[in-house]
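The block underneath contains the structure these notes are about, expressed in structure tokens.
Per chain, numbering begins at 1; letters A, B, ... match sequence-line order.
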There are 2 protein chains.
Amino acid sequence: MNASIKTPDLTRQKLLEAAFAEIHRNGFQAASLTHILADTGLTKGALYHHFPDKKALGLAVIEEVIRPQLAAMMFAPLADTQQPLAAMQALLKGKASEPDPWVVTLGCPLNNLMQEMSPVDEAFRLQLNSLFEAWVGVVTAALKRGLKSGEVNAAVKPGDTAFFIVSALEGCIGMSKNTQSVAAYRGCLGQLSHYLDTLKS
Amino acid sequence: MNASIKTPDLTRQKLLEAAFAEIHRNGFQAASLTHILADTGLTKGALYHHFPDKKALGLAVIEEVIRPQLAAMMFAPLADTQQPLAAMQALLKGKASEPDPWVVTLGCPLNNLMQEMSPVDEAFRLQLNSLFEAWVGVVTAALKRGLKSGEVNAAVKPGDTAFFIVSALEGCIGMSKNTQSVAAYRGCLGQLSHYLDTLKS
DNA sequence: CTTGACACATACCAACCGGTATGTATGATC
DNA sequence: GATCATACATACCGGTTGGTATGTGTCAAG
């Protein structure tokens, strides 16, 4: 009856991606299961076969969609780098030169969910915090290698600095989303890059 | 029949404050008018007498609750200062020494609404952006005075720097909200203060 | 060939949502 | 003292929500 007969993991993936898009636009609480199902062409039977409830779907989106995205975009470029500042500035420059239109209009999916769900649901907060701390951890480790290699000023405290860098980046994205101007986005990233300069030895 | 017989502006104020609290906790879209009315002890008749619809209530909260709060907390300390960096660092120190528990658990009301509503509703985005740009404007003006007074490094571009400062601050608050630790909040504010040091001449 | 688990589709439900229509007590105006 | 707008309260409504119960076709195992 169906075009692609019985491909459960593909169905699950379609649900995850549609849910991600809907959540990215409207947030989790305002995300409509009906809309998600309309986008996929599936029905509630499929959804509730793969996920026990809406919350589980949201948590799965964090773990199976957002986490890999973030790992590819933000974690990978910093892995094993001995010059973390240069690597991050290259990353920022890439983001500034060809800004993802989705990011400027809809913001960072991780940050969006953190702002919305952290005060509301503890399970969400813990899952999001795990991902966030992974990010901070990656930056911290990179900064430590930079300290060893001599790129980073010896006065820099890797943990606090990494937390601030990620926070400032999320802040820049968030404010630019509200302004909805790529110019503001570029300017803010430029200032962040300028801040990274002050960490050099 | 009522305790305080016919006090329309007081009633309106109670609605605004209850709406602010509900929105601060759950966001605008998830904010329930029923909850707001239950908190105030009022009914829908009162609500829809003072506000045409939910959206108008939300916009009024921004203008009549959040804007004055922000003006008192963030704008006033920077008004007419010739040493903006010192003033902002004093502000941050005050926030770090006795952090508002509501801010760490629920975040900045302005930022919460920006993240949630900017992509969803244009009227909200414009109103929020107006408030946000007022904030950036205050910081920009302060930095310009600092340039004249010699406190601020001549290489500093006031507008871009102000945008970044506000963004970084909102980022710090947002990330700390997710972490729900005052220690992280303090650390992030400390790094922001450290960044402000690099702007000195 | 039968059986049974899997992978969905369909139909349905109670709860809640924002919003409205109507009723009513109060206070000022003339 | 009658009139009338104001300031609410009460009752109700259609739509949407997340969730469930049941039906059905497919496929693999025995």
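Taking atom NZ of B/K14 as the reference point, atom P of D/dA7 lies 15 Å away to the nearest angstrom. If you take CG of B/N26 and P of C/dC16, they are 15 Å apart, rounded to a whole angstrom. Whole-Å rounding puts the A/L10 CG to C/dA7 P distance at 13 Å. Rounded to whole Å, the distance from CD on A/E22 to C1' on D/dT17 is 13 Å. When rounded to the nearest whole Å, the span between CD1 of A/I36 and P of D/dT16 equals 17 Å. In this structure, CD of B/Q29 is placed 14 Å from C1' of D/dT16, rounded to the nearest angstrom. The distance between atom CZ of B/F28 and atom P of C/dC17, rounded to the nearest whole Å, is 14 Å. With rounding to whole Å, A/F51 atom CZ is found 11 Å from C/dC8 atom P.
Note on B/T11: a side-chain N or O is less than 4.0 Å away from OP1 or OP2 of D/dC8. OP1 and OP2 of C/dC8 both lie 4.0 Å or more from every side-chain N or O belonging to A/T43. Applying the 4.0 Å criterion to OP1 and OP2 of D/dC8, one finds that B/H50 has a side-chain N or O inside that range. Contact annotation: A/T34 reaches the phosphate of D/dT17 (side-chain N/O to OP1 or OP2, under 4.0 Å).
Distances from the side chain of B/H49 to the nucleotides C/dA9, C/dA7, D/dT6 place D/dT6 closest.
Looking only at atom types and distance, the side chain of A/Q180 has no donor-acceptor partner in the side chain of B/N129 under 3.5 Å away.
Ion pairing of A/K55 with A/D121 is present here, as a side-chain N (NZ or NE/NH1/NH2) and a carboxylate O approach within less than 4.0 Å. Between B/D9 and B/R12, no side-chain nitrogen of the basic residue sits less than 4.0 Å from a carboxylate oxygen of the acidic one, so the salt-bridge criterion is not met. In this structure, B/E122 pairs ionically with B/R125, as a charged nitrogen and a carboxylate oxygen lie closer than 4.0 Å.
Each of B/E116, B/Q115, B/K177, B/E170 was scored for a side-chain hydrogen bond (donor to acceptor under 3.5 Å, both in side chains) with A/Q115, with one residue passing: B/K177.
Within 4.0 Å (heavy atoms only), A/A30 reaches no atom of the nucleic acid at all.
Between B/D160 and A/H194 there is no side-chain heavy-atom pair separated by less than 4.5 Å. Contact check for A/F163 versus B/Q191: no side-chain heavy atoms found under the 4.5 Å cut-off.
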Distances for protein N/O vs nucleotides 19-22 of chain C N/O pairs under 3.5 angstrom?
from	atom 1	to	atom 2	distance (Å)
C/dG19	OP2	B/Y48	OH	2.9
C/dG19	OP2	B/K54	N	2.9
C/dG19	N7	B/K44	NZ	3.1
C/dG19	O6	B/K44	NZ	2.7

